[in-house]
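To keep things clear, I will list the structure first and then write my remarks on it.
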Amino acid sequence: MGGKCPSRKVKKRRFSHKTARRSKFLLKADDAVYEELQKPDGEMKSTLPLDEDLPGMGQYYCLHCDRYFANVTVRDEHFKTKRHKKRVKQMMGPAPHTQLDAELAAGMGAPDNGLKLMSM
């Protein structure tokens, strides 16, 4: 006697509140984070400015993942996660693709005709 309701053919897809929450704090793209990591140590800020809109007043930040944390313990737990370790390994490798790379691959950038030969 059980079974599915005959009037409901397709399962309703409901809006996920997690996606709305995730988009609240926009993350930098991979190439922007990579450029920031390549800067010399003198240019990086040792103390972060206070910001009431960010978690933990913006004081606990992971540069590789571009995330803010509520306190030191949460940030230190994040450093031990698989996601963070993968991100560090990715950022220490070759440079990620940029918008210029995408345009060149699509044929919208400057043409590459190879090496120029000397004319006689």
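Note that these values count all heavy atoms, side chains included, but never hydrogens, waters or copies made by symmetry.
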Set of residues satisfying ring-ring contact (aromatic ring centres under 6.0 Å, His included) with respect to His64, sequence neighbours excluded: His84
Arg87: partners by salt bridge (Lys or Arg N to Asp or Glu O under 4.0 Å), with sequence neighbours left out: Asp30
Those residues that, when tested against Tyr34, pass side chain to side chain contact (heavy atoms under 4.5 Å, CB included) (two or more places apart): Gln38, Met91, Ala95, Pro96
NZ on Lys86 to SG on Cys65, rounded to 0.5 Å: 12.0 Å
Candidate pair Leu37 and Leu63, rule side-chain contact (heavy atoms from CB on, under 4.5 Å), full reasoning: CA-CA 8 Å; Leu37 286 170; Leu63 185 61; 3.3 Å; yes
Side chain to side chain, Leu50 and Gln59, heavy atoms closer than 4.5 Å: yes
For Met92, the rest of its hydrophobic cluster, which grows through side-chain links under 4.5 angstrom: Val88
Candidate pair Asp66 and Tyr61, rule side-chain contact (heavy atoms from CB on, under 4.5 Å), full reasoning: CA-CA 7 Å; Asp66 189 41; Tyr61 179 66; 2.5 Å; yes
Residue pair Phe79 / Cys62, side-chain heavy-atom distance below 4.5 Å: yes
Arg67 side, atom CZ; His78 side, atom NE2 - distance, nearest 0.5 Å: 6.0 Å
His97: partners by side chain to side chain contact (heavy atoms under 4.5 Å, CB included), with sequence neighbours left out: Asp101
Would you be so kind as to tabulate the donor-acceptor pairs closer than 3.5 Å made by side chains of residues 70-77, with sequence neighbours excluded?
residue, atom, partner, partner atom, Å
Asn71, OD1, Thr73, N, 3.4
Asn71, OD1, Thr73, OG1, 2.9
Asn71, OD1, Val74, N, 3.0

Straight-line distance of Asp51 CG to Tyr68 OH, nearest 0.5 Å: 7.5 Å
